[in-house]
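Just below is one structure, and these are the notes that go with it.
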2 protein chains.
Amino acid sequence: MAANRTRSQTVTDDIRELIVQGELQPGEHANEQPIAERLGVSRTPVRTALSTLASEGFLVYHPNRGYFVRRFDLSELMDAYDVRATLEGLAARRAAERGLSEEDEAAIRAALADGDRILTKDHFEPDDLLPYRAMNMAVHGTVIRAAHSARLEQAIRSAQNMPLLSDRIILWQDLPILRRSHDDHHRVLDAILHRKEWRAESLMREHVYYAGLNLQRHLRQYCGHDDVIQPEAWRDVLAS
Amino acid sequence: MAANRTRSQTVTDDIRELIVQGELQPGEHANEQPIAERLGVSRTPVRTALSTLASEGFLVYHPNRGYFVRRFDLSELMDAYDVRATLEGLAARRAAERGLSEEDEAAIRAALADGDRILTKDHFEPDDLLPYRAMNMAVHGTVIRAAHSARLEQAIRSAQNMPLLSDRIILWQDLPILRRSHDDHHRVLDAILHRKEWRAESLMREHVYYAGLNLQRHLRQYCGHDDVIQPEAWRDVLAS
DNA sequence: CGGCTTATAATTGGATACAATTACCCTTGT
DNA sequence: ACAAGGGTAATTGTATCCAATTATAAGCCG
């Protein structure tokens, strides 16, 4: 099995990282030559990478002017979470319809136990952030995979694509919110296992939507009156 | 306002048309050189166009081997309709929440009247196909636009991207099915106008899903045992 | 005769060169 | 002082060239 990757694909990952990490800031013009020099390649793979990233939603393309890092405001953030919530709800429904494989069920149960262990502590420390994030991604990723729909997976991924956002966001300042959120995980799994499709769908949908609302509330204090999200807003939310 | 299009964008449209029209058949290898010669350009704009079309879902990319026209089977078709149904349901809900502008309401009412007029006839003739399709696209397009979410629009469009499919499909062989479908349009608009968000969402969702089921049933007779959809299946469904 | 190796052709990936368009700055006129 | 115009620099778009990889087919050995 050839895990064969071409150069421009690694360049794509590199530039995406530059965007997500904020080195290319929202609104900034992605100049091809400097990026090519920085990554030690010619403009050609950079161009195809920029094209790919534009299709992923990280960049916008202006003919004869190039690619610019997309900037988002709060309403677009909630837009994205709304779409994602609906699609993940569909994923939960289809997982409930098909049922979980043994491995998937085991994976989710292990993740839920991890989450329980982390959240029984009195304080949420920075060291808990990575394990919690891994747990969260395991739960959602497994449900999405259990839906057995490549198109649905792709739609969810593209709904999440956003500079500085991606799927690595954890709001860890507020322990009760995390507990409420993790309780949702338990209830979603329960609904899926008992084949309650409608309940699984609506629970998952509200769970993701709720996360979006909390993120919005958190980010609002960093926004100007135009609701454009400033890069520094992510500092205490992102885990590199 | 510069409606400035670059060359590779028109090349993208040309190649997309080749795919949708079936000149590049599903599974076929998109050879860069012949395409470039055929369109009278060099390989460079062709390459960027192929990359774009791959991101739209019309092609799949194999590193060091190039781009291939995606082939679909019936389960993937229903996958796509399922995702699209869910997303259009969300669009209907948001349209109901926000309410329709006067122009949007007028546009939909006009479209509904058109559909009524076409469907009161005893037979559906080929000449009715284009007006009906226009009516259908007007209803769905207006609802989607009324949701005021660029991300949702993009997600719906990408859920529809499929060689030989696109949004130009009308199953016109069966008049009762069309009547039932158009009746859905009336009920969806009614739910939106009366701000019944939940009802608008579920009605639209089932409406689109139902269309997918009918299309699937129609296409099944053209499929081999592997359920791969053959190009000739679209002949009496497509309106160029 | 069939499977494997190897040589050759075809095709893609990437670098470079050039053309076309746009952005920037300086000048100029009112 | 400031708006409009023009010219230069910077940047993108396309073509061409070469390298790297893969597909194809002939040859070889069992």
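All chains are named by letter (A, B, ...) in the order of the sequence lines, taking the proteins before the strands, and each is independently numbered beginning at 1. The structure presented is a predicted model; accordingly, all values stated were derived computationally and were not measured.
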query = Closer to the 5' end of DNA chain C via nearest nucleotide, is it A:Thr6 or A:Pro63?
reply = A:Thr6
note = Of B:Thr44 and B:Glu32, the one whose closest nucleotide on DNA chain C sits nearer the 5' end is B:Glu32
Just how far, in rounded Å, is [atom2] of [N] from [atom1] of [X]?
X       : N      : atom1 : atom2 : answer
B:Leu50 : C:dG13 : CG    : P     : 10 Å
B:Arg7  : D:dT12 : CZ    : P     : 20 Å
B:Tyr67 : D:dT21 : OH    : P     : 18 Å
B:Gln9  : D:dT14 : CD    : C1'   : 14 Å
A:Leu39 : C:dG14 : CG    : P     : 13 Å
B:Ile35 : D:dT14 : CD1   : C1'   : 17 Å
B:His29 : C:dA10 : NE2   : P     : 13 Å
A:Arg47 : C:dT16 : CZ    : P     : 16 Å

ask   = Where the side chain of B:Arg65 is concerned, which of C:dT16, D:dT22, C:dT21 is the nearest nucleotide?
value = D:dT22
query = Among D:dT22, D:dG13, C:dA15, which is the nearest nucleotide to the side chain of B:Asn64?
reply = D:dT22
inquiry  = Less than 3.5 Å apart, any donor N or O on the side chain of B:His62 or B:His29 sitting next to an acceptor on the other?
reply    =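 The answer is no; no qualifying pair exists.
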message = Between B:Asn136 and B:His185, is there a side-chain donor-acceptor contact under 3.5 Å, judged purely by atom types and distance?
response =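 Side-chain D/A pair, B:His185 to B:Asn136: present.
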message = Under 4.0 Å, heavy atoms only, any strand: does B:Ala36 hit a base, just the sugar-phosphate, or nothing?
response = nothing
Inspect the contact between [Y] and [X] and indicate whether a charged nitrogen and a carboxylate oxygen are less than 4.0 angstrom apart.
X        : Y       : value
A:Arg38  : A:Glu23 : yes
A:Asp104 : A:Arg98 : no
B:Arg5   : B:Asp13 : yes

inquiry  = Any side-chain N or O of A:Ser8 below 4.0 angstrom from OP1/OP2 of C:dG14?
reply    = yes
inquiry  = Is B:Tyr61 close enough to C:dG13 that one of its side-chain N or O atoms is under 4.0 Å from OP1 or OP2 there?
reply    = yes
request  = Would you state whether a donor and an acceptor, one from the side chain of A:Arg43 and one from the base of D:dG13, lie under 3.5 Å apart?
outcome  =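 Result: at least one qualifying N/O pair found.
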